[in-house]
Amino acid sequence: MSDRESIKKMLRSVLQSSKTGVSVNSLQSEYRSLCGENIPLKKLGYSKLEDYLKSIPSVARLEYRMGELKCFAAVCQETAHIAELVAKQKNSKKSGRSQVVNCRMRFKPSNPYMLNGRRHLNTQLCFLHQGSIYPKAFIFRSCLYDVELVQSRLIQLMEKYYSGLWMSKLSQVYSEMFNQKLHPQALVDLEKWTHICMVSQSFLFVHVRPKSHILIEVTFSPTSDSAPRPTSKSPAVVSAEARQRIKELLSKYSHGLWAHALPKLFMDTYKMSFPEHIMDNLSLLLDICTVEYPMPHDKKKAILYNSFKVDMEDTDNQKSQKCRSTPLPSGLEVLGSVEPPYLALPSEQYPSVLITDAKSSNAVTVRYVGENYSNAQEAMEGTMHSFYSQSSTHRPLSNPVVGQLVAVKGEDGDDLARAQVMKVMPPNKVKVYYVDYGFSVETSGTNLLELHQDFLSLPFQATNVQLAGLDAFSSHPLVLSSLDKLAVGKILLMETLEPCQKNEIPEAVLYDTSQDDDVNINSTCLKALQDNTMNNPLTVNATCQEVCVTNVCADGIIYCQLPSRGTARLSKLLEDTEAFFTSKMTSELLVSRPFSGKFCLARYKGKWSRVEITNMYGNRVMEILFIDLGLPATVEVTDLREIPPLFLKDFTIIPPQAIKCRLADLTVPEGDWRPEAVLWVKEALLGSEDCKMRILKLDRHKGDWLVYMYLFVGADSQELDKSINRQLAQSELWHKLTTQNNNTITSNNSSVDTGSTKTRNKSILKCLHQPKRSEYSTKPHIHFIFPVFFQPGQNIDVFVPVACHPGYFVLQLWQDLHKLVVLMGEMILYYNQTRKANTATNIQKGEVYAARIDKNWHRVQVKGVLANGLVSVYDLDYGKHELVRTTLLQPLIEEFRQLPFQAITAQLAGVTQHQWSEEASMLFRNHVEDRALVAQVESVQEVSEVKGELWERRLTVYLVDTAVEDRDIWIHSIMADISGDLSSAA
C-alpha cells in the first residue's frame with residue numbers, strides 16, 4: 001500500500017471514530033494520537049490541511065456545524081459495497097433512478113441507563129468481584145475449574161435465594177456461603193447452564209424451577225432490605241377477581257407500574273372500586289408480583305413488577321428456538337439440517353442499519369452496519385472468494401432446489417455471496433435471495449455453487465422488522481411511497497422496542513439524523529395519510545373568524561384553532577371515543593409499548609384528546625404534545641390510551657388542528673420570551689370567544705406552516721392599532737422586557753452544555769473541573785443521605801459519564817443507576833407540573849437546586865451567579881458543569897435529596913504524571929468516557945483532605961475494561977505506554 005493510501009486509511013479510521021465529526025483545528029492531534037505523527041501535508045503537496053481534505057472527497061467531507069468547520073467520514077468501503085449491491089437491485093426494479101446511500105448521519109445520544117434499552121454493561125463486568133484480593137496488576141484467569149462442583153453449589157445457593165440474585169453480588173454470596181471464591185470464568189459460563197439458571201437482560205441471576213412453580217424476577221437493590229414483609233396481623237383477603245385484574249394490568253407494563261397509580265388505573269379500566277387495603281400491605285400481592293422501593297427510606301414509593309412463569313421445557317430448548325425465532329425475509333424455510341445461528345441485536349440503543357427493502361411497514365428488511373455485522377460479513381465473503389477460487393472441484397449446482405442455501409457468483413465472477421434459492425426457471429435461470437443483503441435477483445444457474453457449511457457460522461445479516469405504529473396501514477400506497485422515498489437505500493438509526501414475544505418480528509422506530517433536525521420515519525409515514533383538505537385553507541390577506549387561541553409558548557409561537565371540516569369531524573370522533581371508553585371494561589387499550597412519535601390519547605381537562613409522544617424518560621414518564629392544542633405536558637405511561645381500532649382510520653386522516661402562528665410586525669428579542677410577556681399574552685388571548693386573525697404572510701417552520709398574523713380580540717374593525725400586536729408593542733411592559741433581553745445573553749436552548757461533548761474548551765474545563773475550595777462556603781440547610789464508603793482493594797462496577805484527563809474524571813456506581821433513572825422520572829413529573837408556581841428566588845452560591853438541562857431535571861449545586869441572567873452549576877449526579885438560566889432553577893425538595901449524589905470524582909492510579917498533554921487526554925477519554933468499566937479502589941481521600949462537601953471526596957482507582965472476552969484492558973497501562981511514546985518523541 002502506498003503512503004498516500006495508507007494516510008487515507010488512517011485518516012478514515014480517525015474520522016469514523018467520531019460520529020459527530022472532528023474539528024479541523026484538532027484533526028492533526030487526533031491523527032497524531034493514532035499514528036504517532038502528523039499528516040505530512042508538504043509531502044503530499046499541500047500547505048493547508050483544509051485543501052488536502054477537499055482533495056479527497058472519497059475519504060472526508062467538510063461541513064460547518066455551530067460556526068465550526070468539522071470533518072466527517074465519507075462513504076466507507078463497506079457501505080459503498082453495500083450501496084452498490086442495493087443500487088443493482090433497485091435499478092433492476094426501477095430503471096433510471098439512482099439509489100444513493102445516505103451516510104450523513106448525526107450521532108443520536110442514547111441513555112445508557114434506559115430501562116427499555118439493552119445496557120452497555122454485560123455480565124462479564126462481574127469478572128472483578130467484590131472483595132477481591134488479587135494483585136492490582138493481574139486478574140486471576142485459571143482456565144480450569146470443577147464445573148460439576150460449582151454447578152451443584154449454585155443449585156444450593158439459589159435454593160436460598162429463590163427470588164433471584166444480582167450478578168454483582170453473586171461472587172460475594174458464593175464466597176461467604178462456601179468459603180471459596182467463585183472462579184471468574186464461571187460467571188461467563190452461566191448463560192450456557194440453562195438447566196440450572198438463566199441470566200436476564202436486567203442482569204439478574206434467577207433460578208429455574210419446575211413447571212408448577214413461579215419464577216420471580218427481583219429488582220431490589222443488592223443491598224436493599226426494603227422488600228415488603230407480611231404484617232403480624234391476620235392477612236386481609238383479596239378477591240380472586242381483583243387479583244386476576246391486577247395481574248392483567250401488571251402484564252401490560254413489563255417495565256413496572258408505580259403502586260400509587262394502581263388504584264386509579266384499576267378503577268378507570270374496570271369501572272369497579274379498588275380494594276384500598278392492598279396499598280397498606282403490598283405483601284398481599286407477592287404471589288402475583290414483585291415490589292421494589294427505589295427511593296431510599298420512602299416506603300410510599302413502590303414499583304410493582306409482574307411475575308412470570310418459566311417452563312423447564314422451554315428453557316431447555318431456548319437455544320434451538322433462538323436459532324430461528326423469526327422467519328427469513330425471503331419467506332422460505334431453510335432446506336437442510338444446518339443453518340446459521342440467530343442474529344443477535346447490537347448492544348447500542350440506536351444501531352446503524354441499512355434499509356434494503358420495504359414490502360410493507362410490517363416487512364422492512366434491514367441489515368446492521370458495524371464491526372460484528374457488515375465488517376464480519378465482508379471478511380467472510382473474502383474468505384469465500386479465496387476458498388472457491390483456489391479449488392477446481394467446485395462446479396455449478398446441477399439441480400438447485402427451492403429453499404436450498406447456495407453460494408452465488410456475481411455477474412463479473414469476482415463477488416461471492418450467500419443466497420437462498422427462491423425459484424427455478426427453465427432452461428437455466430434461477431431466482432435467488434441474498435440472505436445477507438435482503439433482496440432477490442435472477443441469475444444464471446452456472447453462477448450457483450454448493451455452500452460449504454463452514455460459511456454457515458455467521459448469522460444471516462438481513463432481517464425483517466416491523467415499524468411501530470403503522471400496523472393498520474402497513475400496505476397503504478402512501479406509506480409504501482414514503483418508505484421508498486425516506487428509507488430504502490439509506491443508512492438510518494434504529495431503535496428496537498421491547499419486549500418482543502416469541503416468533504414475533506421485532507417492532508422498531510427509524511430515525512434519519514442526517515439533517516439539522518432528526519426525522520422520525522414512523523411518524524412521518526403516518527402523517528402522509530393526513531387529508532390536508534380538512535384544514536381551513538390559509539390565504540395571505542384573508543381574515544379568519546372564530547379563532548381559538550390554545551397555547552402561547554416562550555419562543556413566541558402561538559397555537560390557534562380555525563373553524564374547519566377537520567375540527568368538526570374531530571369533535572364528533574372525540575365524543576364517540578368518550579362513549580366508547582365509558583362502556584368498555586378492558587385493559588387492551590393501555591399503552592404497553594410507548595415510543596417517540598407514537599400517536600395515542602390522553603386526558604385534557606377531563607376529556608380524551610389526541611397526543612404525540614415527543615420524548616421518553618425511561619419507560620414510565622413521557623413528554624407529550626396535544627397535537628390539536630399545541631400544548632406540551634408530562635405524564636405517566638398509565639395516563640395514555642391506544643386509539644380504539646374502530647376510530648383509528650378516522651383519527652389518522654385528520655391533520656393536527658393547532659396551527660403555528662406568530663404576531664406580525666412585533667419586534668421580538670432574540671431567544672425565548674420572558675415569563676412576564678408569555679403571561680401577558682396568555683391572559684389577553686386564552687379563553688377569548690371573539691378572536692379574529694388577519695394573515696400577513698405564510699412561512700415554513702420545522703416542516704409545518706407558520707402563519708404571521710394580526711390578532712384582534714372583540715374588535716368590530718380590523719384596524720392595526722386595535723390589534724394585539726400593536727397593543728403589546730406599545731405597552732410599557734414589552735418595552736421593559738425587550739430592553740432586558742437585549743442586555744442579556746440568550747439562546748434558543750435552555751442551557752449551554754459545557755461538558756457533554758468531546759470538543760470542549762480547555763480553559764473552561766480547567767477552571768470548572770478544578771474549582772477553588774473556597775467556593776463551597778455555603779452549606780445546604782436540608783439533610784442529605786450520603787454515599788456508601790469505599791475500602792482500598794474494593795472492586796466496583798462503574799459508569800464514567802465525564803473524563804477530562806487521568807487526573808480528573810467522574811464515576812457513577814452501576815448498581816444505583818436504575819435508582820437515578822427512577823428519581824429523574826419523578827423529578828420531571830413534579831417540576832414540569834409545578835415550575836410556574838415554585839420558581840426559585842434569591843439564588844445563592846453553594847446551594848443545591850433542581851435545574852432543567854436538555855429537557856431533564858437534574859440535581860445541581862450553584863457555583864456562581866452571573867450578571868447576565870445565567871447561573872453556573874455543577875451536576876451532582878453526572879459530574880458536568882452547565883450554564884442555565886435563573887428561570888430554570890427550582891428548589892430541590894427533600895423528597896429528591898434522599899438518593900446519594902451519584903457523581904464521584906476520581907483520579908487514575910498506577911500513573912506518576914500530573915500534567916497531561918492534549919493527545920494523552922484525548923486517548924484517555926476515548927477509552928473510558930461513556931463506558932461501563934470496573935474500578936479497583938487504591939485509596940480514598942478523606943473529607944478533611946478534600947476540604948469540601950462530603951459528596952466531593954475523591955477516589956484513586958485503577959480502571960479495567962472487561963468488555964473483551966479473552967483479556968482485561970488496564971487503562972493505566974495504556975496511559976503509561978502513551979506517556980513513554982510521547983516522551984520519546986519529544
Side-chain angles (χ1 to χ4, degrees), residues 82 86 89 101-102 105 108 110 114 116-118 201 254 321-332 340-370 372-374 377 420 433-440 459-476 479-513 518-526 592-598 616:
I82 296 168
V86 173
Q89 176 239 352
V101 175
N102 164 34
M105 288 203 306
K108 187 174 180 66
S110 60
M114 283 287 287
N116 67 332
R118 287 161 296 285
Q201 291 182 349
S254 60
Q321 291 174 346
K322 258 193 166 184
C323 285
R324 187 57 53 206
S325 62
T326 57
L328 290 175
S330 65
L332 300 174
Y342 175 73
L343 181 66
L345 295 175
S347 59
E348 58 262 50
Q349 188 181 351
Y350 299 102
S352 298
V353 295
L354 174 68
I355 314 300
T356 62
D357 197 11
K359 296 182 179 67
S360 74
S361 68
N362 285 343
V364 177
T365 305
V366 306
R367 52 162 302 166
Y368 297 107
V369 178
N372 297 323
Y373 299 94
S374 52
Q377 177 216 331
Q420 185 181 28
Y433 185 87
Y434 285 109
V435 293
D436 294 312
Y437 294 96
F439 59 84
S440 59
F460 294 146
Q461 296 300 294
T463 185
N464 271 358
V465 298
Q466 55 183 343
L467 299 189
L470 292 170
D471 184 58
F473 311 97
S474 61
S475 299
H476 195 287
V479 171
L480 295 180
S481 63
S482 296
L483 283 175
D484 195 54
K485 177 183 177 182
L486 300 172
V488 175
K490 293 185 177 181
I491 294 179
L492 306 173
L493 299 187
M494 186 175 79
E495 178 183 18
T496 304
L497 306 185
E498 296 181 1
C500 182
Q501 304 299 324
K502 292 179 182 177
N503 301 319
E504 179 186 16
I505 298 177
E507 276 194 293
V509 183
L510 298 176
Y511 301 92
D512 185 349
T513 62
D518 291 353
V519 177
N520 185 312
I521 302 298
N522 298 46
S523 62
T524 303
C525 290
L526 197 61
S592 58
R593 282 189 185 179
F595 58 89
S596 292
K598 180 180 178 63
M616 294 177 57

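These numbers come from the heavy atoms of this one structure, side chains and all, not from hydrogens, waters or symmetry mates.
- Residues L467 and L470 have side chains in contact (heavy-atom distance under 4.5 Å, counting atoms from C-beta outward).
- At a threshold of 4.5 Å between non-hydrogen side-chain atoms, the residues K359 and D357 count as touching.
- In this structure the side chain of S440 never reaches within 4.5 angstrom of the side chain of Y434, judged on heavy atoms.
- Atom CG of L480 sits about 13.0 Å away from atom CZ of F473, to the nearest 0.5 Å.
- Across all non-hydrogen atoms, the minimal contact from A358 to L483 is CB-CD1, 4.1 Å.
- The closest donor-acceptor contact from the side chain of S474 to the backbone of N362 lies at 3.5 Å or more, if one exists at all.
- Minimum interatomic distance between L493 and Y350 (heavy atoms only, all atoms of both residues): CD2-O, 3.8 Å.
- Using modelled atom types, no side-chain atom of D512 and backbone atom of D518 make a donor-acceptor pair closer than 3.5 Å.
- For the pair E507 and T496, the minimum side-chain heavy-atom distance is 4.5 Å or more.
- The minimum heavy-atom distance linking L343 with F460 is given by the pair CD2-O, 3.6 Å.
- Side-chain contact between R367 and V353 is absent, with no heavy-atom pair separated by less than 4.5 Å.
- The two residues L510 and I355 have their closest heavy-atom pair at CD1-CD1, 4.0 Å.
- Between F439 and Y437, the two ring planes are tilted [angle within 30° to 60°].
- Side-chain N or O atoms of N522 include one that pairs as donor or acceptor with a backbone N or O of A508 at under 3.5 Å.
- Judged by distance alone, with hydrogens and angles left aside, the side-chain atoms of D436 form a donor-acceptor pair with the main-chain N or O of Q461 at under 3.5 Å.
- Considering only heavy atoms from C-beta on, V519 comes within 4.5 Å of T524 through its side chain.
- Residues V364 and N464 form no side-chain contact, since every pair of their non-hydrogen atoms from C-beta on lies 4.5 Å or further apart.
- Within the 3.5 Å criterion, the main-chain N or O of I505 finds a donor-acceptor partner in the side chain of Q466.
- Checking side-chain atoms of N520 against main-chain N and O of S596 turns up a donor-acceptor pair under 3.5 Å.
- A side-chain donor-acceptor contact under 3.5 Å links Y511 and E495.
- For G438 against T365, the heavy-atom pair with the smallest separation is CA-CG2, 3.6 Å.
- From I521, atom CD1 reaches atom CG of L486 across 5.0 Å, with rounding to the nearest 0.5 Å.
- Shown here for V479 and C525, the closest heavy-atom pair between the two residues is CG2-O, 4.1 Å.
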Would K598 and R593 count as a side-chain contact (heavy atoms from CB on, under 4.5 Å) here? Give the steps. CA-CA 9 Å; K598 180 180 178 63; R593 282 189 185 179; over 6 Å; no

Applying side-chain contact (heavy atoms from CB on, under 4.5 Å) to L492 and M494, what does each step give before you reach the verdict? CA-CA 6 Å; L492 306 173; M494 186 175 79; over 6 Å; no

